[in-house]
There are 2 protein chains.
Amino acid sequence: MSTQTLKRKSRIRERNEETILKAAEKIFSQQGFGAATTAEIAKSAGIPKANLHYYFNTKEDLYLRVLENILETWLIAAEDFTAEHEPKEALENYIRTKIELSRTCPEASKIFAKEIISGAPFLKKHLDKNVNPWINEKIKIFEGWIADGKMAPVDVRHLFFLIWSMTQTYADFNTQMTIVLEKNKLEKQDYETAAEMIINMTFSLCKLN
Amino acid sequence: MSTQTLKRKSRIRERNEETILKAAEKIFSQQGFGAATTAEIAKSAGIPKANLHYYFNTKEDLYLRVLENILETWLIAAEDFTAEHEPKEALENYIRTKIELSRTCPEASKIFAKEIISGAPFLKKHLDKNVNPWINEKIKIFEGWIADGKMAPVDVRHLFFLIWSMTQTYADFNTQMTIVLEKNKLEKQDYETAAEMIINMTFSLCKLN
DNA sequence: GTCTATATAACGATAGAC
DNA sequence: GTCTATCGTTATATAGAC
């Protein structure tokens, strides 16, 4: 392998991998790992199936790359959750960011949801190694806020379970919502209403009003 | 067809169908419709694959029967949501019932979740015909309560989206929860904590305290 | 790097002996 | 009603010409 290939992929490879990953995200979000087919992903990407296997050896490799991209996006979104903030602005900011992700990248949330519902066969190790340390760090911040009398004592882990569910449901269950709301797709106002209600409920629970 | 077979299925058929449906619920909840295989369901039920196809002609037939059973269970659980109740007891009762369903029948919730996330290919018509009339009926009850000053004016559809998400997440995402809570499975206390927090948040939003 | 053709395995479903 | 053997199809993945 030349130093060139070690330094960076060719432009063609980079562009094609991007196209395939984009198509894979769409198909995996609709079908899940097991039901998705490489033929359908290739067709959606507009390339022959053999080319897909040229860029990603196996379907599993492709799926893992898609999962990596999702987790990277989510990690960036959750960064500014530090003790320097007040709980009110930190929670409001987090909820608005999560709702915005559900609005702009529902496919990512759906892939993650299907993976977890299936028992997290690919992500179990990642959750152990990354999500648990992350949430344990956040718990310390919340405990500081609670000790300072800045918010009511709540079960922080369950608080996160509920915030995750309320924000991500606007991605995962958007099909059901469009049916109930009798519209073709959710509008920006729907996400705004959701954010306001979730923030309201969270502030009340934490006595931040 | 004899009057006997019209009246009821044979005991053998009834027992075997039950065994297969139970196994199917488990496999479909883990794999979804597309990724589940009849071979795996048959193996889980402890019968040859050919027998499964003897009792259920196609995989789709089997899946539809499983979905029917789930919807029937959920319909029964949502019955006592009438204007005769006060909003406080009606909402608390509904939330506790939904959490209890997540605790006792997580597989049912998971199958439903995967079906909706996939775009509800099998349930779209059912949601149009059944869920929409149901929720429109509930909205009238809530509007009555709001007009009577019994609760704050809230967007009832979004309120249901949030209650559904918070209660069902304790079924759908129980894998993630056991990892974060570092225990083998959720305990009754976890569901109790969840119910209390959800009821607290809902009452606050609706100003029912 | 691209693409046709194909190898190998697994899938849903059925035939037919018992 | 049960079960082995197998059909036809489709899946993942690769070989090899270009």
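Here is how names work: the chains are called A, B, and so on, in the same order as the sequence lines, proteins then strands, and each is numbered from 1.
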Nearest-Å distance for atom pair [atom1]/[atom2], residues [X] and [N]:
X: B:Leu52; N: D:dT4; atom1: CG; atom2: C1'; answer: 16 Å
X: A:Asn51; N: C:dC3; atom1: CG; atom2: C1'; answer: 6 Å
X: B:Arg13; N: D:dT2; atom1: CZ; atom2: P; answer: 9 Å
X: B:Ile47; N: D:dG1; atom1: CD1; atom2: P; answer: 12 Å
X: A:Ile12; N: C:dT2; atom1: CD1; atom2: C1'; answer: 10 Å

Point to revise | Within residues 14-36 of chain A, residues whose heavy atoms come under 4.0 Å of DNA chain D | key: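 Correct list: A:Ala36.
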Check your understanding: Sequence neighbours excluded, which residues qualify as salt bridge (charged side-chain N to carboxylate O under 4.0 Å, His left out) partners of A:Glu100?
Key ->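 With sequence neighbours excluded, A:Glu100 shows a salt bridge (charged side-chain N to carboxylate O under 4.0 Å, His left out) to A:Arg103, given in chain and number order.
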Practice item. Using salt bridge (charged side-chain N to carboxylate O under 4.0 Å, His left out) as the criterion, list what pairs up with A:Glu196, not counting sequence neighbours. Key: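 Checked A:Glu196 against salt bridge (charged side-chain N to carboxylate O under 4.0 Å, His left out); matches are A:Arg96.
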Show me the donor-acceptor pairs within less than 3.5 Å that the side chains of residues 10-20 of chain A make with the rest of the protein, sequence neighbours left out.
unit_1  : atom_1 : unit_2  : atom_2 : d
A:Ser10 : OG     : A:Arg13 : N      : 3.1
A:Arg13 : NH1    : A:Glu17 : OE2    : 2.9
A:Asn16 : ND2    : A:Tyr55 : OH     : 2.7
A:Glu17 : OE1    : A:Lys9  : NZ     : 3.2
A:Thr19 : OG1    : A:Arg15 : O      : 3.0

Listed once per pair and sorted, the side chain to side chain donor-acceptor pair (under 3.5 Å) pairs that draw on [range], sequence neighbours left out:
range: residues 30-47 of chain A; result: none
range: residues 104-114 of chain B; result: A:Ser118-B:Lys114, B:Ser109-B:Asp172, B:Lys110-B:Asn174
range: residues 122-144 of chain A; result: A:Asn136-A:Arg157

Check your understanding: Does OP1 or OP2 of C:dG1 have a side-chain N or O of A:Tyr55 closer than 4.0 Å?
Key ->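 No, because none of the side-chain N or O atoms of A:Tyr55 sits under 4.0 Å from OP1 or OP2 of C:dG1.
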**Study point:** Sequence-aligned protein contact record of nucleotides 13-18 of chain D, with B where the base is within under 4.0 Å of a protein heavy atom and S where only the sugar-phosphate is
**Key:** BB----
Point to revise | Pair B:Phe161 + A:Phe173: ring centers closer than 6.0 Å | key: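 Ring centres of A:Phe173 and B:Phe161 not closer than 6.0 Å.
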Let me have the donor-acceptor pairs involving side chains of residues 181-192 of chain A, under 3.5 Å, with sequence neighbours excluded, atom names and distances please.
unit_1   : atom_1 : unit_2   : atom_2 : d
A:Lys183 : NZ     : A:Asp190 : OD1    : 3.4
A:Lys183 : NZ     : A:Asp190 : OD2    : 3.1
A:Gln189 : NE2    : A:Thr193 : OG1    : 3.1
A:Asp190 : OD2    : A:Glu187 : N      : 2.8

